[in-house]
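One structure below.
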Amino acid sequence: MKKPIIYQVFTRLFGNRNTSCVENGTIEDNGCGKMNDIDMRTLRRIRDLGATHVWYTGLLRHATQTDYSRYGIPVQNAEVVKGRAGSPYAITDYYDVDPDLAVDVENRMAELDALIERTHKAGLKVVIDFVPNHVARQYKSVCKPLGMKDLGEDDDTNLHFSIKNNFYYCWGQKLNLCNIAAPQTYEENPAKATGNDRFTSCPDRNDWYETVKLNYGIDYCDAGGRSEHFSPIPDTWHKMTAILLFWAKKGVDAFRCDMAEMVPAAFWQWATDKVKFSYPEIKFIGEVYNPALYRSYIGSGFDWLYDKVGMYDCVRNAICGYGRADEITLQWQATDDISRHMLYFLENHDEQRIASDFFAGDARKALPGLLVSVLMQNNPFMLYAGQEFGEPGMDKEGFSGKDGRTTIFDYWTVESLRRGYYDRRAMTAEEKRLENIYKYVLNLANAEKAFTNGEFFDLMYMNHHIGEHQYAFLRKADNELMLVVANFSRDEASCDVVIPSHAIDYLAIPEKEYTATDMLSNEQCVMAVAGDQSVTVTVPPYGGRIYKIEI
C-alpha cells in the first residue's frame with residue numbers, strides 16, 4: 001500500500017506562461033493556464049517528484065468577471081465576484097467546467113475528460129474540489145443533466161427555512177451591499193444568507209459575500225438556537241449527492257470537500273455511503289478545522305482530514321522558532337487513534353508560502369518540517385505546486401494583495417512554476433537544489449517499507465535535552481530500521497539521541513554495533529545501539545539525518 005502524496009495544482013495559474021503580470025489584469029492582459037498545458041510530460045514530472053495524486057483546484061465553473069456569454073454562459077455581476085478571475089469556491093454550475101481553463105470553450109468538458117485520462121495514464125489519481133457549503137450568488141446551471149432541477153429553482157422565498165428549500169432567505173429584505181459596492185447595481189430580493197453563516201441581508205466586506213449558504217436541513221435561527229430537520233431527507237442532500245455521483249462516474253478518484261465541517265455529518269454519512277457503494281475506491285478529503293469534530297467526520301465517511309490547527313500550526317511554529325520541536329509529540333498523540341486519516345501539509349492555497357516574509361522568509365527552513373511531516377507516520381501528505389521550488393508568494397497580484405499567498409482570485413503567472421515546468425534552463429541553482437530534496441524525500445516515503453507501512457516510535461520522551469530545536473524518531477519494518485533526526489535550528493547540532501529500552505523491546509532491535517548510512521548525504525558511521533544509551537548525531541542547520549540500519 002502506497003503512502004498517498006497529493007500534489008495541489010491551482011489549474012488557472014499552473015500552466016500560464018504569460019509574463020505580463022499586470023496588477024488586476026484581465027485574462028487578455030495576463031493570460032490563463034489551460035488544462036491542455038498539463039500534458040504527459042508535465043504529469044510525468046509530477047509523478048517523478050513522488051506524487052500519487054493530483055488535486056486540480058478550481059476546475060468547476062465559478063463566478064468570474066470575464067464574459068463568456070457568447071457560449072451561453074451567464075454573465076456575473078462584478079459586485080459579487082472577488083477579483084477579475086473570481087474565487088474557485090463561488091461555484092456557478094456544479095456540472096460545468098471553468099471556461100478559463102479550456103482552449104476550445106465549447107468543448108471544455110471534453111478537455112477535462114482528456115485531462116482525467118492523461119492523469120490516469122501517467123499513473124496518478126485525480127482529486128477535484130467539491131464545494132458543499134455555499135455557491136455563487138448568481139448560481140445557474142446550464143449544464144445540469146436533463147430532468148435535474150436547479151438549486152433554488154423550487155424554493156419558497158417567503159420562508160426563511162424549509163427542508164424543501166436549497167437556500168436560506170431574509171424575509172422581505174433586499175440584499176444590501178453598502179459595505180462592498182456603492183452605488184449597488186446587483187439586485188437580490190429577498191436576500192439569501194451568506195456562505196459563512198451570516199443570516200443577514202447586509203454582509204460585511206470580510207464575509208464570504210460573493211457566496212450564499214446551502215441548506216442541509218439545519219434551522220440556524222430556531223428560537224435563538226439551531227435545530228436539525230433530516231427526515232424526510234432535505235432536497236439539498238439529493239441534489240448534492242447527484243453531483244458527487246456525476247463526477248465519480250467521470251473517473252474522479254477523490255473529492256477535496258471544502259469547509260466540510262460547515263455541512264452536517266449526517267449528510268456526509270448519507271452521501272458517502274451512496275457514492276462508495278457504486279465507487280468503493282473513491283476517497284473523501286475533508287477540510288475540518290475543529291479537532292473535536294474529527295472522529296465524527298471520519299465516522300461519516302471521510303478518509304482523510306486536514307491536520308491544520310494541530311500538526312501544521314505546530315510544525316510552522318517550530319520552523320519559525322515560535323515553539324519547541326518536541327511539541328510535535330503532543331500533536332500526533334492527540335490523533336493517534338485516527339493517525340492514518342490525518343492529512344499533513346506545509347502549504348496549500350489558503351496558507352502563506354513558506355518562503356514568504358509572512359512565514360519563514362526562506363524555503364530551506366522548512367526542510368526539517370518536511371522530514372517530519374512526510375516520514376513520521378503512515379498518513380498522507382500534501383504539497384502545493386511551487387513549494388518544491390521555494391515559491392515566495394510575495395507578488396501583489398490584484399484582489400489578493402501582497403499577503404504571502406499565491407492568489408486564487410486573479411489572472412497571474414507563478415514564475416517559479418513557469419521555470420520549473422516550462423523553462424527549466426532558467427531555474428536558479430537554489431530552485432534545483434530544493435526540488436531535488438523534495439523529490440528525494442517524497443520518493444523515499446514510498447521506496448522504503450519502513451516509511452510506507454513501518455512501525456513508528458517517538459524518541460522525544462527520553463530526549464528533552466534536544467527538544468527545543470530537534471525532533472527524533474524511529475521507523476521499522478522487518479529488518480529495516482530508520483533513525484530520523486530533524487534540526488529546526490539555523491546552527492549545526494551535535495545531538496546525543498537516547499534510544500529507550502522500551503524502543504529496543506517494542507521494535508525488537510538487537511543491541512549491537514551497526515553500520516548506519518545517512519540517506520541524505522550517503523555518509524556512513526558506526527552506531528552502537530543499546531537500551532537507554534545515546535548515539536551521537538551531527539545534524540546540519542535546517543536539515544536532518546535519515547540513518548538506515550540493516551538489522
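Every heavy atom of this structure was used, including side-chain atoms; hydrogens, water molecules and symmetry mates were not.
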Please report the closest heavy-atom contact between [X] and [Y], naming both atoms and the distance.
X      : Y      : answer
Ala63  : Gln76  : CB-OE1, 3.8 Å
Asp100 : Ile27  : OD1-CD1, 3.4 Å
Leu214 : Val135 : CD1-CG1, 4.0 Å
Ile233 : His238 : CG2-NE2, 3.5 Å
Leu343 : Ile6   : CD1-CD1, 4.2 Å
Cys178 : Gln184 : N-OE1, 4.3 Å

Side chain of [X], backbone of [Y]: donor and acceptor closer than 3.5 Å?
X      : Y      : result
Lys3   : Val374 : yes
Asp155 : Asn166 : yes
Thr413 : Asn18  : yes
Glu261 : Asn290 : yes
Asn179 : Pro203 : yes
Thr92  : Arg61  : yes
Gln65  : Gly83  : yes
Asn165 : Asn215 : no
Trp268 : Ala260 : yes

If the plane angle is over 60° it's perpendicular, under 30° parallel, otherwise tilted; pick one for [X] and [Y].
X      : Y      : answer
Tyr68  : Tyr71  : tilted
Trp237 : Trp270 : tilted
Phe284 : Phe255 : tilted
Trp171 : His160 : tilted

Consider only side-chain N and O atoms of [X] and [Y], and report whether a donor and an acceptor are under 3.5 Å apart.
X      : Y      : value
Arg84  : Thr26  : no
Thr42  : Asp37  : no
Asp336 : Ser339 : no
Thr406 : Arg353 : yes
Arg12  : Thr57  : no
Ser227 : Asp219 : no
Tyr89  : Asn133 : no
Asp207 : Asn196 : yes
Glu397 : Thr407 : no
Tyr186 : Gln138 : no

Heavy-atom distance under 4.5 Å between the side chains of [X] and [Y], does that happen here?
X      : Y      : value
Pro190 : Gln173 : no
Cys221 : Tyr168 : no
Tyr411 : Val22  : no
Ser373 : Leu346 : yes
Pro234 : Phe267 : no
Asp258 : Phe130 : no
Arg405 : Phe358 : no
Asp273 : Phe277 : no

Inspect the contact between [Y] and [X] and indicate whether a charged nitrogen and a carboxylate oxygen are less than 4.0 angstrom apart.
X      : Y      : result
Asp350 : Lys308 : no
Glu111 : Arg108 : no
Glu287 : Arg256 : yes
Lys276 : Asp303 : yes

- Residue from Tyr306, Phe381, Trp304, Tyr384 passing ring pair (Phe, Tyr, Trp, His ring centres under 6.0 Å) with Phe345: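 Running ring pair (Phe, Tyr, Trp, His ring centres under 6.0 Å) over Tyr306, Phe381, Trp304, Tyr384 with Phe345 returns exactly one hit, Tyr306.
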Determine whether the aromatic ring centres of residues [Y] and [X] are separated by less than 6.0 angstrom.
X      : Y      : value
Trp247 : Tyr94  : no
Phe14  : Tyr421 : yes
Phe389 : Tyr438 : no

- Item | From CA spacing to verdict: side chain to side chain donor-acceptor pair (under 3.5 Å), Asp150, Ser141 | CA-CA 6 Å; Asp150 213 355; Ser141 177; 4.6 Å; no
- Query: For Tyr209, is the NZ or CZ atom of Lys82 found under 6.0 angstrom from the centre of its six-membered ring and inside 45 degrees of the ring axis?
  - Reply: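 Yes, Lys82 sits over the ring of Tyr209.
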